[in-house]
Amino acid sequence: LVAKALARFADMEKLRAEARVATILATSIDGIVTTDAFGVVSHFNAGAEKIFGYAAGEIIGRNISLLVPEHARTAHGRHLGRFAAGAQGSRAIADIATLEARRKSGELFPADISISKLDIDGDVMLTAVVRDLTERQRAETALRETESLLRTVLNNAPITIWATDADGVFMLSEGRRLAQVGLKPGEHVGPSAFALYGDMPFSDRSGNALTGREVLRRALAGDTVIAFNELLGTFFENHIGPQFGPDGSVVGVVGVATDITERMEARAAERSSEARFRAIFNRSPLGIALTDSQTGRFLAVNPECACLTGRTVD
């Protein structure tokens, strides 16, 4: 009775294990293909059906070379033979590589393929796990193109954009204006902004003095700071603010620096011109009056004009 009970228990455990394996094979999104030592397919799961476009009934009993590009079939056959006859253990993965595979339509696609071998009393079973990389490669290509476009735009725009992580380490440094201060795009990536620019003087819109360290700390605390600085004769207006992560926490700092050197020079020239005009206006031996052409009202008179008319400037 005990022997029968143990046998039934063993049979039940075997069935449960087989059921678990069958469930895994059936529901895996990867393609799982099992062959004998000669490449004849004995198992072809739903994932493989979706990837290759064959129904299991179309491929089971046929050679796995149907799933291999024609130009690679000879080399694939040799590899399969060597692996089947090799000395690797039953659970060893013999090869993991990015290869091309072939769909029923004839379309070739990139795939990650891992191969394992099970040898039971000389009866060899080879199992390949196939993952279709088409979408991943398409996404990676699109990402590279987007990054390339972004860098092209940044490096041709009259701005500099940079970003750091939460420790102040530069993660991004791009922009055409970098060349004006002797830098190349990406050159700052890696060093600490605190170390490079912590002591650099800045000023806010009210003219209050700040250091680079103070600006960075305020941005990391969640504030957006508009600050001005000068570097090697170039004046910048900097918009520096926090970079937020998915959970809303501050994960770094993003800064956009605009070259305002021409604007600063124009303002300085304007102030200088205005100072010269006021000096001439106030010290002229001639009476000068500025009036509104629409209303005729006086806008300004110089002291000599007031004297000539017997009035005060006011």
Side-chain angles (χ1 to χ4, degrees), residues 27-30 47 96 98 110-112 114 131-232 234-260:
T27 58
S28 173
I29 61 172
D30 293 329
I96 300 178
T98 300
D112 265 352
S114 62
R131 177 164 293 181
D132 188 348
L133 299 183
T134 303
E135 290 303 319
R136 189 175 85 184
Q137 288 199 355
R138 186 178 291 124
E140 289 173 351
T141 299
L143 179 61
R144 285 194 298 270
E145 290 174 350
T146 300
E147 288 180 344
S148 176
L149 176 61
L150 177 61
R151 292 182 187 280
T152 299
V153 170
L154 289 176
N155 290 319
N156 284 280
I159 62 171
T160 298
I161 185 168
W162 53 270
T164 76
D165 63 14
D167 295 319
V169 175
F170 277 110
M171 308 295 289
L172 174 72
S173 176
E174 300 288 342
R176 191 178 70 194
R177 296 302 190 193
L178 286 169
Q180 293 178 233
V181 293
L183 296 172
K184 298 177 181 178
E187 184 175 342
H188 267 354
V189 173
S192 166
F194 285 102
L196 293 177
Y197 300 114
D199 296 324
M200 177 174 284
F202 287 80
S203 61
D204 62 18
R205 283 181 167 173
S206 299
N208 299 314
L210 299 167
T211 65
R213 187 173 290 101
E214 290 172 319
V215 172
L216 287 167
R217 285 175 177 167
R218 284 176 57 181
L220 286 169
D223 292 337
T224 296
V225 183
I226 299 175
F228 303 86
N229 75 303
E230 181 268 332
L231 186 61
L232 298 181
T234 301
F235 293 88
F236 292 98
E237 179 179 272
N238 302 275
H239 289 249
I240 303 169
Q243 179 183 358
F244 296 102
D247 61 354
S249 63
V250 176
V251 296
V253 173
V254 176
V256 178
T258 305
D259 182 351
I260 58 169

Point to revise | From Ser203 atom OG to Asn208 atom CG, the distance as rounded to the nearest 0.5 Å | key: 8.5 Å
**Study point:** Minimal non-hydrogen separation, Pro191 against Leu196, with atom names
**Key:** CB-CD1, 3.8 Å
Review point. Is the closest side-chain heavy-atom distance between Val225 and Asp204 below 4.5 Å?
Key: no
**Study point:** Heavy-atom closest contact (Val169 atom, Gly190 atom, distance)
**Key:** CG1-O, 3.0 Å
Practice item. List the steps, then state whether side-chain contact (heavy atoms from CB on, under 4.5 Å) holds for Thr211 with Asp199. Key: CA-CA 6 Å; Thr211 65; Asp199 296 324; 5.8 Å; no
Exercise for review: Drop me the distance from Thr160's OG1 to Asn238's CG, to the nearest 0.5 angstrom.
Suggested key: 9.0 Å
Review point. Roughly how far apart are Gln137 CD and Arg144 CZ, rounded to 0.5 Å?
Key: 8.0 Å
Point to revise | Point-to-point distance, once rounded to the nearest 0.5 Å, from OG1 of Thr224 to NE2 of His239 | key: 10.0 Å
Review point. Side chains of Thr141 and Arg138: do they bring a donor and an acceptor to under 3.5 Å?
Key: no
Check your understanding: Would you say the side chain of Phe170 lies within less than 4.5 Å of the side chain of Thr164, judging by non-hydrogen atoms?
Key -> yes
Revision key, fill the gap. In Leu172, Val189, Ile240, Val254, the residue satisfying side chain to side chain contact (heavy atoms under 4.5 Å, CB included) with Trp162 is Ile240
Point to revise | Side-chain heavy-atom pair Pro242, Asp223 within 4.5 angstrom cut-off | key: no
Check your understanding: Can you name the nearest heavy-atom pair linking Leu216 to Ala193, along with the distance?
Key -> CD1-CB, 3.8 Å
Practice item. Drop me the distance from Ile260's CD1 to Phe228's CZ, to the nearest 0.5 angstrom. Key: 5.5 Å
Review point. Taking all atoms of both residues into account, what is the closest heavy-atom pair of Asp165 and Met171, and its distance?
Key: N-CG, 3.6 Å
Check your understanding: Taking everything shown except Arg131 itself, do over 12 heavy atoms lie less than 6.0 Å from its CZ?
Key -> no
Practice item. Identify whether the distance between the nearest side-chain nitrogen and carboxylate oxygen of Arg218 and Glu214 falls below 4.0 Å. Key: no
Check your understanding: CG of Leu133 to CD of Glu140: how many Å apart, nearest 0.5 Å?
Key -> 8.0 Å
Practice item. Please tell me if the side chains of Phe236 and Thr258 come closer than 4.5 Å, counting only heavy atoms from C-beta onward. Key: no
Revision key, fill the gap. Minimal heavy-atom distance between Pro110 and Thr134, with the atoms involved, is CD-OG1, 3.8 Å
